[in-house]
Amino acid sequence: MESDEISLMKWDSIQRLPTVARLRRGLLTTPEGDSNEIDVHKIGLQERTYLLQRLLRNNTVEVDNDHSFLLKLMRDRIDRAGVDIPTIEVRFEHLNVQAQVHVGKRALHTITNYMLDLVEVPLKYILKRRKQQLNILQDVSGILKHSRLTLLLGPPNSGKTILLLALAGKLDPNLKFAGKVSYNGHEMNEFVETLAFSARVQGVGPRYDMLEEVCRREMEENIIPDPDIDVYMKAVATEDQRANVITDYILKILGLDICEDTMVGNAILKGISKGQRKRVTIGETLVGPLKSLFVDDISIGLDDSTAFQIVKSLKQFVYLLKRTAVISLQQPSLETYNLFDDIILLSDGHIVYQGPCVQVLDFFASIGFMCPERKPVVDFLQEVTSMKDQEQYWTHKEKPYIFVTAKEFADAFESYHVGKSLANELATQFDKSKSHPAALTTNKYGIGKLELFKACLSRDYLLMKRNSSHYIFKLLQIALVAIITMTVFLPTRTHHDSVTDGGIYASALFYGSTVIMLNGFAELAMMVGRLPVFYKQRDLLFFPSWAYALPAWILRLPLNFAEVGVWVIFTYSIIGDPNVIGRTFLLLVLVNQMAGVFCRLVGAIGRETSMAATLATLSLGMLLVVVSQDNIKKWWLWEFWISPAMYGQNALLNNEFQGKTWRHVVPNSTEPLGVQVLKSRGFFTQSNWYWIGFGALIGYTLLFIIGYILALTFLNPLKEHQVVESVQLLSRKKKSVTENKHYGKRGMILSFEPHCITFDEVTYSVDMPQEMKNQRVVGERLNLLNGVSGSFRPAVLTALMGVTGAGKTTLMDVLAGRKTRGYIGGTITISGYSKKQETFARVCGYCEQNYIHSPYVTVYESLLFSAWLRLSAEINAETRKMFIEEVMELVELTPLRDTIVVPGATGLSTLQRKRLTIAVELVANPSIMFMDEPTSGLDARSVAIVMRAIRNIVENGRTVVCAIHQSNIDIFESFDELLLMKQGGQVIYAGPIGHHSSHLINYFEGIEGVSKIEDGCNPAAWMLEITSSEKEMQLEIDFSEVYKNSELYRRNKALIVELSIPAPDSVNLRFPSKYSRPLFAQFKACLWKQHWSYWRNPRYNALRFLFTAVASIFFGSVFYGLGSKIEKRQDLLNSIGSMSITILLIGIKNAGSVQAVVTAERAVFYRENAARMYSPLAYAFGQALIEISYVLLQALVYGTIVYAMVGFEWSVTKFFWYIFFVFFTSLYCTYYGMMTIAITPNQTIVSFLTRPSYVLWNLFSGTVVPPPRIPIWWRWFYWANPMAWSLNGLVASQFGGIKDHIEYNGKSVSVEDFLENYFGFQHEFLGVVAAVVVGFNVVFGLVFVMSIKMFNFQSR
């Protein structure tokens, strides 16, 4: 009592404070039970954690992760004070969305279509009739009310995502939109609407005003709130603490507190799980003050339990805080479906039903369609609008059935009482006077500009710390290159006696600025990789573009200083003028800054890795080509004056050669040597050019930053045009649907031998992870499978189930022989004989859940390739094609035979790729098939199609095993047998499921303590619930031990023994060769697939040719006529320099772009190689050979244009040699890129390895330092440098043997003698040089081939 009185006295003292101070003070209860007055701005981590624990302490359903207690306290406080929570009612009326799309083959990925798209862009208004109109949404109307959770349901391509985007005002501007969307009667143009970062940038919204009103009324009514909820609400409404408090709470309710310090991760970096990423996406929005929420397909890839928890958390927010929410789901479980209040059923762009969930079945019953007793409601709702599935639900058997279209359902709904009520409500305009003033906001961003900047700065700093290894490696790289450069230009080997010496110093300075500039481009891939997240957060109005761009620039300033400092310390401080080191350092910092910001500008314009890399290489070439003002062509004079590199290099050379070490006058001259060097190179000699260049670089840096911000503001992500089937293909689909209604069990054209597989006491373990060792887990190995036994038989469909981490995929990987590491034990037999992977792979098909396919081949070509290589050579081509047609019909892919696989708008959907994965394995005519998660991420109608295909496969006599994690009753009861596993890789049930799951239910109900299944309960969900680890602890039993002591286990053991004995007349699996086809046939097949993959990959090949054409025209025009005008030494050096830089840039472009292609195809290769489709040699030679034709065409385009424009001598021999060296140089650079990616696991690592090699190739090519001047200890690198041999061949072939004289060192010498004395190039050795260049191609190509054969970076 005494403590309560003290608390009241403290509360009274707070209430007497002024309003602003009162809203900052509260009473926080300590763990000892004392109430301390605190400032909510200064709550520490421990106080915050304890506060949340107290607020969640009274949660009576903690086992169900229900954390709504805090929200209830908040709602109760607001209601007691009589304050209205701002609410939003969303109305959409007569929405129509249309798209202009290409049709049929015109929409496919090919080089020609890509080129046509580029031509059509400026003529889109003239050529718009060439596209056809596609209706996505058709006259849809409805109302979304607050405090009600709405489910958006519909089959794929029904328009769900487009409807959500339209409601959120985020439609693609290329779509044609008509209709009206209003929030509380206001249209979109009248208002605006990761966790800690999201909370920080979204601000407090109206929370502060609401809290102020609540506190005022409580004081008037003498209401004393709960002190804990008072402190929480004040902290949430305060900008200083809001981000921390609300973030902690959202992490808790979404179950993310266990991984709050774990990085999200990506395809390369391992991070949190898929389910946790989904919850992070939801949390990013929940931490903000938004009152309307549109969520699209959050359940893809999640198990039912996770999806249920997410939706349950959202329901608590919607109900208790009066939010408006629409959630799109594909296949929600019954428990998840029951959480929703309303449903919008969408089909073919029409709203079939919108209203309470409890009345949706009555609506369809009124039309004549009834949901069967054991049929899940969600499955019924998605199938009842399907042409293939609708008839089974028709109840008026006395009347002939006629297919009811989505439009007819929509018309019927308008006549239904729910539809009439909705129409009447829409006819009445929303009374804007009833809209709460705080419901809608006109402020674009949640917090002020300074706070936005600080939040983005803090996040960028965190990302830099997380990527510290990247920046350390960059410093090590530049240090390595700097040390090598320093040893090349040692003072003991360089002099200050002649213009030639000065030319070498000038080359060193030019090379140094090039290295610094290239280093500024190093983060292009990382920057482009972050753009998708930026676009998402920009469109959600987290922050403006400038708040994203400026912090990245500012934070990299110290890194720029460090990188340039390393370079200057190791190079310039040793070989340069010590009197101007500081000025040189500052200038190089500005060069690095300019290049880095220009790189970001190029990335923001390119927006995609291939496009950005192409633009970067082209723009880099334009920056590096600095021709003196005397030699520049008049049509490029403007480019000379606007080039930032020109200002940087003039300032750099002026700074050096105006210094003390170059001011002496050499004999027979009247000018300082430094001025002579500048004049010989065509650079400005005025001493003020240092400051001109200094100021210009600052100006360009600021200009590029502004351009970068504008590009981020106004440009949107690149999108592919959508493929729409031709009229003939659409008609073929309808025909296929009609035929499939009468499709029954049919025998396959090709016979196969059925096989069973048994496994007894199988174990699998890996070396104990270091993280677990750090947690003091005992043991050297981690066991993932523990004594698993069972059998899979022909014509029996077996389900492999268990919670996450039970070992389902691990068991299938072990049985199929797909594991690449770990320790396997136990016995596995195939039809009684011990399993041998070499032969088993020929009769086994494995459908992985990743659905890895070559992206640029069609469905039919994918199947043809698989059948070509996996079926016996004795089967002729006609029979093989008939078999492929049979398989396509079986898995319902016939209408999609000419569709390209590539995922996304232009290719196959998730469902179609799943069926293709099954078909690719089925055309191999396997006896045993493993399928990993064939139904995950699909809607109910798609699941029915997949399961129908699987059932057809089983009925043909194959052994099929499917790992599934969804507990849909229709899916579950379509299986014959079940192998159920628990966490730790132990079996707890193996046997028949039975009619209506009777065998399974009888087994578990027979275990003491297990609760009986309730009527109408899903047996699969009940099974997973009663066998969970929590139930095991509660019942104090081990289900694996129960199973081992059961009669079922003994019967299974007896069956394993029986099936492990070979049949009397059987023979072991044996094949005459390792592969079905000989090596040359494998090579032909691989080359055939690579041909189509390359032709339909415009992002690679079309961009390659565009880059080549543009670059050749640019370089040809810059050096126009230079090859025929060799009057002085500098003319010849300019011509040689042009050759060097052009072949180097094209080579780098080829090497960099091919790595992405090899990486993508390598993932497909791992799957196909594991299936013993072909030899790695056939695949590698096929990929290497296909490059030759494209590189040859590239060389012809480049060589012809440049040769003609530069003005080299028109001689058949010289032209041939020029094309020869350009072709083989481009080819070995391509092979070098392929080789480096083949010996490394990913592109991130290979980029670190290849970047220094390109820089060193340039250093030792002979243009920076003439070969005779290269130190003896680096001479070997010159001879091993492929670029040096290419330059030797190009120069010797064009200028070798020319007797014309030029001036050199005050003497008149022939061009031939100059080349031999200055470079060491001799025309007589041209044949040897050509052979060496060809040899580099052979070496790089063979290393690539052998690396593909020997290295497997797939970790399974």
Side-chain angles (χ1 to χ4, degrees), residues 267-268 813 816-821 837-838 841-842 844-858 861-870 900-903 913 916-917 920-921 923-924 932 1074-1077 1079-1094 1096-1097 1100 1153-1187 1230-1231 1233-1243 1245-1246 1340-1356:
I268 298 173
D813 282 347
R818 297 299 174 92
K819 285 295 182 187
T820 60
R821 63 188 184 99
Q837 186 59 34
E838 294 76 13
R842 299 276 292 273
C844 170
Y846 193 165
C847 304
E848 301 182 39
Q849 62 173 311
N850 295 326
Y851 318 119
I852 300 171
H853 302 283
S854 293
Y856 298 109
V857 296
T858 65
E861 289 162 356
S862 298
L863 301 182
L864 181 61
F865 180 73
S866 180
W868 188 354
L869 291 173
R870 298 174 74 176
I900 290 181
V901 174
V902 57
R913 277 183 287 132
L916 175 62
T917 302
V920 163
E921 296 301 318
V923 293
D932 194 7
K1074 185 176 181 180
Y1075 301 99
S1076 296
R1077 294 294 179 127
L1079 184 62
F1080 184 70
Q1082 298 170 34
F1083 168 73
K1084 283 199 305 181
C1086 291
L1087 187 63
W1088 172 82
K1089 188 177 79 163
Q1090 292 293 347
H1091 159 67
W1092 288 116
S1093 294
Y1094 270 56
R1096 299 196 186 110
N1097 189 353
Y1100 175 49
S1153 57
V1154 77
Q1155 289 167 356
V1157 177
V1158 175
T1159 301
E1161 287 293 336
R1162 185 168 61 179
V1164 182
F1165 161 74
Y1166 286 147
R1167 176 184 63 81
E1168 294 173 341
N1169 185 51
R1172 296 294 192 274
M1173 291 178 66
Y1174 48 70
S1175 165
L1177 295 178
Y1179 164 82
F1181 276 115
Q1183 188 159 28
L1185 189 62
I1186 195 65
E1187 281 287 348
T1230 304
Y1231 285 164
M1234 297 169 67
M1235 177 191 74
T1236 52
I1237 196 65
I1239 61 177
T1240 52
N1242 56 62
Q1243 285 181 264
I1245 295 177
V1246 80
F1340 291 160
L1342 286 178
V1343 173
F1344 164 72
V1345 170
M1346 297 311 297
S1347 299
I1348 289 293
K1349 177 179 173 60
M1350 296 172 59
F1351 300 141
N1352 186 346
F1353 296 105
Q1354 190 182 38
S1355 179
R1356 296 184 63 161

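Since this is a predicted model, take the numbers as computed values, not measurements. In this chain, residues are counted from 1 in sequence order.
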Can you spot which of Trp868, Tyr1075, Phe865 makes a side-chain contact (heavy atoms from CB on, under 4.5 Å) with Met1173?
Phe865
In Å, rounded to the nearest 0.5 Å, how long is the span from [atom1] of [X] to [atom2] of [Y]?
X	Y	atom1	atom2	result
Phe1344	Met1235	CZ	CE	11.0 Å
Ile1186	Tyr1094	CD1	OH	7.5 Å
Ser866	Leu916	OG	CG	9.5 Å
Trp1092	Leu1087	CH2	CG	12.5 Å
Leu1079	Tyr1174	CG	OH	13.0 Å
Ile1348	Asn1169	CD1	CG	10.0 Å

Can you check whether [X] reaches [Y] side chain to side chain, under 4.5 Å on heavy atoms?
X	Y	answer
Gln1183	Val1157	yes
Phe1083	Leu1177	no
Ser862	Val901	yes
Ile1239	Phe1351	yes
Lys1349	Val1345	no

Is it the case that the side chain of [X] and the backbone of [Y] share a donor-acceptor pair, with hydrogens and angles ignored and the cut-off at 3.5 Å?
X	Y	value
Arg1167	His853	no
Arg1162	Ile1237	yes
Arg1077	Leu869	no
Gln837	Ala816	yes

Check the pair Trp1088, Leu864 against side chain to side chain contact (heavy atoms under 4.5 Å, CB included), reporting the backbone distance first and the verdict last.
CA-CA 11 Å; Trp1088 172 82; Leu864 181 61; 3.9 Å; yes
Locate the shortest heavy-atom distance separating [X] from [Y]; write the atom from each residue and the value.
X	Y	value
Gly845	Glu921	CA-OE1, 3.1 Å
Cys844	Arg870	O-NH2, 3.5 Å
Cys1086	Ala1178	CB-O, 3.8 Å
Ser854	Glu1161	OG-OE1, 3.2 Å
Leu863	Val920	CD2-N, 3.5 Å
Ala867	Val923	N-CG2, 3.9 Å

Could you go step by step and tell me if Gln1155 and Met1234 meet the side chain to side chain contact (heavy atoms under 4.5 Å, CB included) rule?
CA-CA 6 Å; Gln1155 289 167 356; Met1234 297 169 67; over 6 Å; no
Other residues, nucleotides, ligands: >12 heavy atoms within 6.0 Å of Tyr1100 OH:
yes
Would you call Glu1168 and Lys1089 a salt bridge, using N to O less than 4.0 angstrom?
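Result for this pair is yes, salt bridge flagged.
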Go through the steps to decide whether Ile852 and Tyr1166 satisfy the test side chain to side chain contact (heavy atoms under 4.5 Å, CB included), and finish with yes or no.
CA-CA 10 Å; Ile852 300 171; Tyr1166 286 147; over 6 Å; no
Could you check whether Thr858 and Glu861, counting side-chain N and O atoms only, form a donor-acceptor pair closer than 3.5 Å?
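On atom types as modelled, these side chains qualify, holding a pair under 3.5 Å.
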Mind checking whether Phe1165 and Tyr1179 have ring centres under 6.0 Å apart?
yes
Could you go through Glu1187 and Gln1090, starting from their C-alpha distance and side-chain angles, then the distance that decides it, and tell me whether this counts as side chain to side chain contact (heavy atoms under 4.5 Å, CB included)?
CA-CA 9 Å; Glu1187 281 287 348; Gln1090 292 293 347; over 6 Å; no
